[in-house]
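Bear in mind that the values here come from a model prediction, so they are computed numbers and not experimental data.
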Amino acid sequence: MSKEPLRLVQLTHPRHHRQVALVREPVLILLQDTRSIYDLALEAIRSGKSLRDLVDSRRQGERLEYSPVYEGWSEWRLLPSFDHPENPFACIVSGTGLTHKNSALNRQMMHQAAAGSAAGASAPPAAPVTDSMRMYQWGIEGGFPPSGTIGTQPEWFYKGNGHMLRAHGQPLLVPAYGNDGGEEPEIAGVYIVDETGSPWRIGFTTANEFSDHVMEKKNYLYLAPSKLRTCSIGPELVVDETFAGLTGTVKIFRKGEAVWSAPIHTGESNMAHSLGNLEYHHFKYDLHRMPLQAHVHFFGADAFSFGNQVKLEQGDIMEVFWKEMGRALRNPLQVEKEKEEWIGVRSLK
């Protein structure tokens, strides 16, 4: 008989502060003396125990009805499903793009459209294969190397640090300097680096990577700044789910009505790279193996509304749901009302 998946949430309360809870639908079981998944994982590494054994030893705490917490009716509030509890600067948020064919095709269409617009009416009817499709093809050819060997390097991008992470229900922001904001429904891996500099995978979580696709469409060299946006993970962290293949749905709600939806697929059976290859190329850098560092790494998407010419509006709700990954992740879109303001830099001369 298979064990029930180990699913955890992080919570906060105005009087009780932070706490981790075990998900056992329809309730949450507060774990005694456990304020963060980061601390729980670090203790598991130091003690040589499994996370499941540690959780089982601490599950005698208070039980909460999950739905009031999930819907935002309770004093208990959901936090991002993983973070660094003491130092958000010690949490690197990053991702890997062009891992799914549909993502590469969407990127190719954006880049071809931008090139055609720049060239004007004299542009040829068929643009050449872009760097995006070329890089995706490299993944197809070399992204699944034999176990323990090094394969093709994927695209990699920086999202920011732990300050960029948002929880289920919190808004994702289109800043004054942004051109747009759109969901990217993904799975993110969460990791911790031990005192010796060795990385450990804790588990996976539902994620909305959220990017500025209009900025990126202007020129693919704007990809880097288009990624520096808030993003969300949660509500649950699944410790022992595999990354073989997952299916789900992404939806956009406007004034309570679903205005767009699409099926989504991820996991190794739907990607151009193995999990091991993606992880190697992230953690090969010494900078990413600093002792006690936390990592949240997005693994790419195969559908998003921008690819279907949907423009999100203030208050739209983005929903990402993956089977076997717990409850859906929902976040409203918030457009910053203030105009972009000049920020000057002072000299210490």
Check: Do Thr96 and Glu155 have side-chain N/O donor and acceptor atoms under 3.5 Å apart?
Finding: no

Item checked: Residues in salt bridge (charged side-chain N to carboxylate O under 4.0 Å, His left out) contact with Glu324, at least two apart in sequence or another chain -> none

Note to self: Check this for me: Arg24, atom CZ, are more than 12 non-hydrogen atoms of other residues, nucleotides or ligands nearer than 6.0 Å?
What the structure shows: yes

Check: Do Thr99 side-chain atoms and Ala272 backbone N/O form a donor-acceptor pair below 3.5 Å?
Finding: no

Notebook entry, point to check: Can you find a heavy atom in the side chain of His295 that is under 4.5 Å from one in the side chain of His288?
Noted result: yes

Note to self: Determine whether Ile202 and Tyr191 satisfy the following criterion, side chain to side chain contact (heavy atoms under 4.5 Å, CB included), listing intermediate values before the conclusion.
What the structure shows: CA-CA 5 Å; Ile202 301 171; Tyr191 304 85; 5.9 Å; no

Note to self: Pairing donors with acceptors under 3.5 angstrom, does anything connect the side chains of Ser94 and Lys159?
What the structure shows: no

Notebook entry, point to check: Is the distance between the ring centroids of Tyr38 and His84 less than 6.0 Å?
Noted result: yes

Note to self: Using the ring centroid of each side chain, check whether His168 and Tyr70 are separated by less than 6.0 Å.
What the structure shows: yes

Note to self: Tell me whether Lys251 is salt-bridged to Glu257, with the criterion being a basic N under 4.0 Å from an acidic carboxylate O.
What the structure shows: no

Notebook entry, point to check: side chain to side chain contact (heavy atoms under 4.5 Å, CB included) with Phe144: which residues, sequence neighbours excluded?
Noted result: Glu268, Ser274

Margin query: Strictly distance-based, threshold 3.5 Å: is any side-chain N or O of Asp180 a donor or acceptor partner for the main-chain N or O of Asp212?
Written below: no

Checklist line | Lys/Arg-Asp/Glu bridge criterion (N-O < 4.0 Å) met for Glu195, Arg46 | finding: yes

Next item on the list: Answer yes if Val296 and Leu292 sit in the same cluster of Ile, Leu, Val, Met, Phe, Trp and Tyr residues linked by side chain heavy atoms under 4.5 Å apart, and no otherwise.
Entry: yes

Item checked: Test: Asp83 and Arg18 ion pair at under 4.0 Å -> yes

Notebook entry, point to check: Crowded around Lys49 NZ? As in, over 12 foreign heavy atoms under 6.0 Å?
Noted result: no

Check: Side chains of Glu236 and Tyr66: donor-acceptor distance under 3.5 Å anywhere?
Finding: yes

Note to self: Quick test of your reading of the model: are Asp39 and Arg35 salt-bridged, counting only N-O distances below 4.0 Å?
What the structure shows: yes

Margin query: Would the distance check show the side chain of His281 and the main-chain N or O of Gly151 forming a donor-acceptor pair, the cut-off being under 3.5 Å?
Written below: yes

